[in-house]
Every structure is written in structure tokens, then in C-alpha cells.
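Let me begin by presenting the structure, written as C-alpha cells, before commenting on it.
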Protein chains: 2
Amino acid sequence: MKAVALDHTMLALADPTRRAILQRLGSGEARVTELAAPFAMSLNAVSKHIRVLERAELVQRRRAGREHILSLNPKPLDEAAAWIDEQRRFWTANLDALERALADYED
Amino acid sequence: MKAVALDHTMLALADPTRRAILQRLGSGEARVTELAAPFAMSLNAVSKHIRVLERAELVQRRRAGREHILSLNPKPLDEAAAWIDEQRRFWTANLDALERALADYED
DNA sequence: CTTTCATTCAACCTATTGGTTGAATATGAA
DNA sequence: TTCATATTCAACCAATAGGTTGAATGAAAG
């Protein structure tokens, strides 16, 4: 994943409204108005959040007449998870090496 | 994980400089100057990035004389990964349900 | 004691976020 | 055609991000 794509993905995930929208889309596609309904903010504000999610390619838009139907694209989520997991593996590998070194030292 | 903590974690991860700092800290603790060395920006800028990482509790600071020694705290990383994984499980569960429904429909 | 080194604090700047309201656009329905 | 609905666009605003430079702090070294 290109760095800038990770930037967009992580930034998109850094807001509770957007995370809630993703969660909602997890159970199936929805229109903009439907997505906006639970939130105490204007439709326009939600529309902007959706654009942030689109920039990160976390959601896709399909037009059906005057309705815009949003659906989840899990790939960036996979790639974000992959980055985090890589860090954790690297980190624990180094911790293990440290432990082995300490064990040698204690001998 | 509280929503605001996830906000801070994800936001901290949404910048390549900060991700590089975390990666560096994966192989062991380091001083501020050491962390700043690879970057084409002022020490002050890196100092601010570190504060963002501290707000997310991704790094911890220990003072040793005039040096500040930073180390990784992987817990928020674990929690961010957990959030993402939860979404993915939920999403694939719903996809599976959809597939089963379609299979039933086709019968 | 003075100087150097490690780091932060403070002020400033510009760009971006996250929200608002009001107008525009485009489709659907009467 | 006219009216209502779904959505975006545009302008605006306050707060935050991400960078700069210069001054302050505090510990170490000469």
C-alpha cells in the first residue's frame, strides 16, 4: 500500500462518525440519507464524511437515479490491518531477540 | 477502547513521519534527536509528532538527564487492529449470510 | 562559571477538518 | 409542467495539523 493511501485510510478511520458509517455499511449498502439519519448533524456534514471515506476508497458510490448508493470496500481496511500487524510482528520479534540476549547474558 | 482513544490512535497513524517513528521504535528505544535524524524537517517538527504519538499513548517518554528516551507502547496498536478486525469479521459474516440467502433463493 | 547539548515552549503561518447555511442540480412523482 | 426529493456545490467559520524560527530551560562538560 502506498504511503499516501495509508494516510487517507487512517485519517478516514480517525473519526467516530466515519467509523460508524463504515460499521453501518458492513451490514449492507445504503443511500446517503439513510447513512445520515442516525447523526445529529446536517446531511451536508455526512456527505463530506462520505467524501473522506471515498478518498480513502473505503466506500464506493453507485448512482441509481437521484439516489447515491454507498457500499463498503474492505481492501483498504485489509491493508491498514496488514501495516499494523507487520509492526507488531516486527516489534515482538525484536522483543524476543532481546529476551534471548538477556538469557545468554544470564548464563 | 474508548472512541476518543481510537480517534487519537488512528490520527497518529495517519502520517508517514509518525509511522516511520513507530517503526524505528519497534527495534528499540531512542532519544528525540535520534528519532529526528532521518527526517528532512526541524527537530521541533519531530518533537510535535512525538507529542501526537504520546497523546495516542503509542509511545512513552522516560527522562534520563537531559535526554528524553522514547519507547513503543503497542497496546493502542493492538486495539486499533482489534477494531479493524471486528469490522472485517462482521462484514464477512454478513456477506456469508447474503450468500446463503442467495443460495436459498436459487433452490 | 561558561559553554554546549538536548529538548521544549511560544508565536506565527498556511492548509485541512469538520461543521454550518443557502443555492444549485437532477431525478421522480402528481 | 410543477412540485418534491436526493444530493452536491459554494461560501463561510472556528479549530486543528503540520511546519517554521527564535527564545527558554535544564543538564553535562570544559
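For the numbers below, each heavy atom of this structure counts, side chains included, while hydrogens, waters and symmetry mates do not. Labels below follow one simple rule: chain letters A, B, ... track the order of the sequence lines, proteins then strands, and each chain is numbered from 1.
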Result for side-chain contact (heavy atoms from CB on, under 4.5 Å) between B:Leu53 and one of B:Asp15, B:Thr9, B:Leu70, B:Ile21 points to B:Ile21
Can you measure A:Asp7 atom CG to C:dA15 atom P for me and round it to whole angstrom units? 19 Å
Judged by nearest nucleotide, the residue sitting upstream toward the 5' end of DNA chain C, B:Arg51 or A:His8, is B:Arg51
For A:Pro76 against A:Glu57, the heavy-atom pair lying closest together: CG-O, 3.4 Å
Figure out the CG/P separation between A:Asp15 and C:dT16, and round it to whole Å. 18 Å
Is it the case that the side chain of A:Arg18 and the backbone of A:Leu11 share a donor-acceptor pair, with hydrogens and angles ignored and the cut-off at 3.5 Å? yes
Test B:Glu29 against every option in B:Arg24, B:Arg62, B:Gln60 by the side-chain hydrogen bond (donor to acceptor under 3.5 Å, both in side chains) rule and name the one that passes. B:Arg62
Does any non-hydrogen side-chain atom of A:Arg61 lie less than 4.5 Å from one of A:Ile69? no
Any side-chain N or O of A:Arg31 under 4.0 Å from OP1/OP2 of D:dA6? yes
Would you call B:Arg31-B:Glu34 a salt bridge at under 4.0 Å N-O? yes
Starting at atom CD1 of A:Ile69, determine the distance to atom P of C:dT27, rounded to an integer number of angstrom. 15 Å
Closer than 4.0 Å, any side-chain N/O of B:Ser47 to the OP1 or OP2 of C:dT7? no
Spacing between B:Phe39 atom CZ and D:dG18 atom P, to the nearest angstrom: 13 Å
If you check the B:Val32 side chain, which of C:dT7, D:dA28, D:dT5 turns out closest? C:dT7
Can you find a side chain N or O atom of A:His68 that sits less than 4.0 Å from OP1 or OP2 on D:dA6? no
Rounding to an integer number of Å, can you tell me how far B:Ile50 CD1 sits from D:dG19 C1'? 15 Å
Determine the contact category for B:Leu43: base if any of its heavy atoms lies under 4.0 Å from a base atom, sugar-phosphate if only primed atoms, P, OP1 or OP2 are that close, otherwise nothing. base
What's the closest nucleotide to the A:Lys48 side chain, out of D:dT8, D:dG19, D:dC12? D:dC12
Considering only side-chain heavy atoms of A:Asn44, which listed nucleotide, D:dG18, D:dA10, D:dA29, is closest? D:dA10
Counting only distance, no hydrogens or angles, is the base of C:dT7 paired donor-acceptor with the side chain of B:Arg66 under 3.5 Å? no
Spacing of A:His49 atom NE2 relative to D:dT7 atom P, expressed in whole Å: 17 Å
A:Met10 CE to D:dA17 P, in whole Å, measures 17 Å
Just call it for A:Arg63: base, sugar-phosphate, or nothing, with non-hydrogen atoms closer than 4.0 Å on any strand. nothing
The side chain of B:Thr33 is closest to which nucleotide in this list: D:dT8, D:dT20, C:dA6? C:dA6
5′-ward residue of the pair A:Gly65/A:Met41 relative to DNA chain C: A:Met41
In whole angstrom, what separates A:Leu70's CG from D:dA6's P? 15 Å
Measuring to OP1 and OP2 of D:dT20, would you say a side-chain N or O of B:Ser42 lies under 4.0 angstrom away? yes
If you compare every side-chain N and O of A:Arg18 against the phosphate oxygens of C:dG18 (OP1, OP2), does one of them come in below 4.0 Å? yes
Nearest to the side chain of A:Arg55, which nucleotide is it out of D:dT7, D:dT20, C:dT17? C:dT17
Among D:dA6, D:dG18, C:dT21, which nucleotide sits nearest the side chain of A:Glu67? D:dA6
